[in-house]
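Read through the structure below, which is laid out as structure tokens, and then see the notes.
Within every chain, numbering begins at 1; the chains are lettered A, B, ... in the order of the sequence lines, protein sequences first and strands thereafter.
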Amino acid sequence: MPAMCGRYSLVESGEEIAARFLLDAVPGALHPRYNIAPSQAVLIVAGGEGRPRRAELARWGLLPAWAREARLAQINARIETAAERRMFAGALRARRCLVPASSFFEWRRGPGARRPVRFAPAAGGLWAFAGIWEDWAPPGGPGVRTCAILTTAPNALVAPVHDRMPVILPPDLEAAWMAPGPLPADVLAGAARPYPAERMTLHAVSTAVNDARRDAPDCIAPIS
DNA sequence: CCAGACGTTGTT
DNA sequence: GTCTGG
DNA sequence: CCAGACGTTGTT
DNA sequence: GTCTGG
């Protein structure tokens, strides 16, 4: 029963992303990403609620400022427990962000090898995953901004494939998620609610997406 | 008090 | 089997 | 998440 | 840095 939050895509143009997320600008040289994997630089949207919204790049794999070893990096945080986890509490309190996404992938077990499937918005467009970020630097080394994607229980479409899915924010919670200060209980509860299955589609994709070095349209193309 | 962990997913 | 790199 | 490596001594 | 275990 795999579902995951370990691979996704972001194929829209910088202009489309800026319009959808109310951004003045996005980092230069954004190009379509068909296969985004952990450890790579990903686009996040932070700020908002009185502060300007900022789109910037962060390394996917959250490391708290106190971490001494990069191998502690976490790509996901369970929304049910993140506030209680030493590793996530600080970021959840003060450094929440949106993670723009066109779709996410999961690998389903069938006869033989696991096969990838892709989940995308039924109406097209972009999702906002709920994220957290934190700056980290190795002892004596240069700093880097890092981030993680929150996860929650699966909806009815995802459940047969996997037992977790990313937290996808309903549009009316996006601004509240990014607001400064502690996360209000009602926003946390709303975010934890699995995104409606009816607003999501699923289709099989090629195992091309298995290889994190591959980043081409065949990673998202439907197959029979 | 100090020492040591600090996390998720998936698989068995 | 388990960890690292992408 | 999957793919691919999995090591040491010594030298720069 | 902060919490848990001893």
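- For the ring-ring contact (aromatic ring centres under 6.0 Å, His included) test with A/W127, the passing option among A/F119, A/Y8, A/Y195 is A/Y195; the others fail.
- For B/dT9, the OP1/OP2 oxygens have a side-chain nitrogen or oxygen of A/R164 closer than 4.0 Å.
- Using a 3.5 Å distance cut-off with no hydrogens or angles, the side chains of A/E16 and A/S13 do pair a donor with an acceptor.
- Atom name C1', nucleotides B/dC1 and D/dG7: the rounded distance is 41 Å, in whole Å.
- When distances are taken from the side chain of A/R71 to each of C/dT4, D/dC1, B/dA5, the shortest belongs to C/dT4.
- What separates CD of A/Q74 from C1' of B/dA5 is a distance of 13 Å, to the nearest Å.
- In this structure B/dG7 sits in no base pair that meets the Watson-Crick or G-U test at under 3.5 Å.
- One distance of note links CZ of A/R118 with CG of A/L202; it measures 10.5 Å at 0.5 Å rounding.
- Side-chain nitrogen and oxygen atoms of A/R85 include at least one within less than 4.0 Å of the OP1 or OP2 phosphate oxygen of B/dT8.
- B/dG4 and D/dT11: their P atoms are spaced 34 Å apart (whole Å).
- One atom, CD1 of A/I132, and another, C1' of B/dG7, lie 11 Å apart when rounded to the nearest Å.
- The CD atom of A/E84 sits 15 Å away from the C1' atom of B/dT8 (whole-angstrom rounding).
- Comparing atom distances between the A/I75 side chain and each of D/dC1, D/dG4, B/dC6 picks out D/dC1 as nearest.
- Here the side chain of A/R109 is nearest to one of D/dA3, B/dA5, B/dT11, namely B/dT11.
- Between A/W107 and A/R7, some side-chain heavy-atom pair lies under the 4.5 Å cut-off.
- Side-chain N/O atoms of A/T207 include none lying less than 4.0 angstrom from OP1 or OP2 on D/dA3.
- With a 3.5 Å ceiling on both atom-pair distances, the Watson-Crick or G-U wobble partner of B/dC1 is E/dG6.
- Residue contacts shown for A/T151 are limited to sugar-phosphate atoms, with no base heavy atom under 4.0 Å away.
- Taking atom CZ on A/R118 and atom P on D/dC1, their separation rounds to 20 Å, with Å as the unit.
- Between the P atom of D/dC2 and the CG atom of A/D215 lies a distance of 18 Å, rounded to the nearest Å.
- Considering only the side chain of A/N76, B/dT9 comes nearest among B/dT9, E/dT2, C/dG6.
- As rounded to whole Å, 14 Å separates atom P of B/dT11 from atom CZ of A/R108.
- With a 4.5 Å cut-off on side-chain heavy atoms, A/F104 and A/V158 count as touching.
- B/dA5 sits 15 Å from C/dT4 when the P atoms are compared, rounded to a whole Å.
- Between A/I220 and A/H203, the closest heavy-atom pair is O-CE1, 3.1 Å.
- Among D/dC1, D/dA3, E/dT4, the nucleotide with an atom closest to any side-chain atom of A/R213 is D/dA3.
- Here B/dG7 presents its C1' atom at 15 Å from CH2 of A/W60, a figure rounded to the nearest Å.
- For A/F88, taking side-chain heavy atoms from C-beta onward, the closest of the listed nucleotides B/dG7, D/dA3, E/dG1 is B/dG7.
- Across B/dC6, B/dT9, B/dT11, the shortest atom-to-atom separation from the side chain of A/R114 is found for B/dT11.
- Rounded to whole Å, the P atom of B/dT8 lies 23 Å from the corresponding atom of E/dG1.
- Each of A/E12, A/E15, A/E174 was compared with A/R20 under the salt bridge (Lys or Arg N to Asp or Glu O under 4.0 Å) criterion, and only A/E174 meets it.
- The interatomic distance linking A/W66 (CH2) with B/dA3 (P) rounds to 18 Å, in whole Å.
- With centroids closer than 5.5 Å and planes inclined by less than 30 degrees as the test, A/W107 and the base of D/dC1 fail to qualify as a stacked pair.
- A distance of about 13 Å separates the C1' atoms of D/dC2 and B/dT9, rounded to the whole Å.
- Distances shorter than 4.0 Å separate none of the side-chain N or O atoms of A/R214 from OP1 or OP2 on C/dG6.
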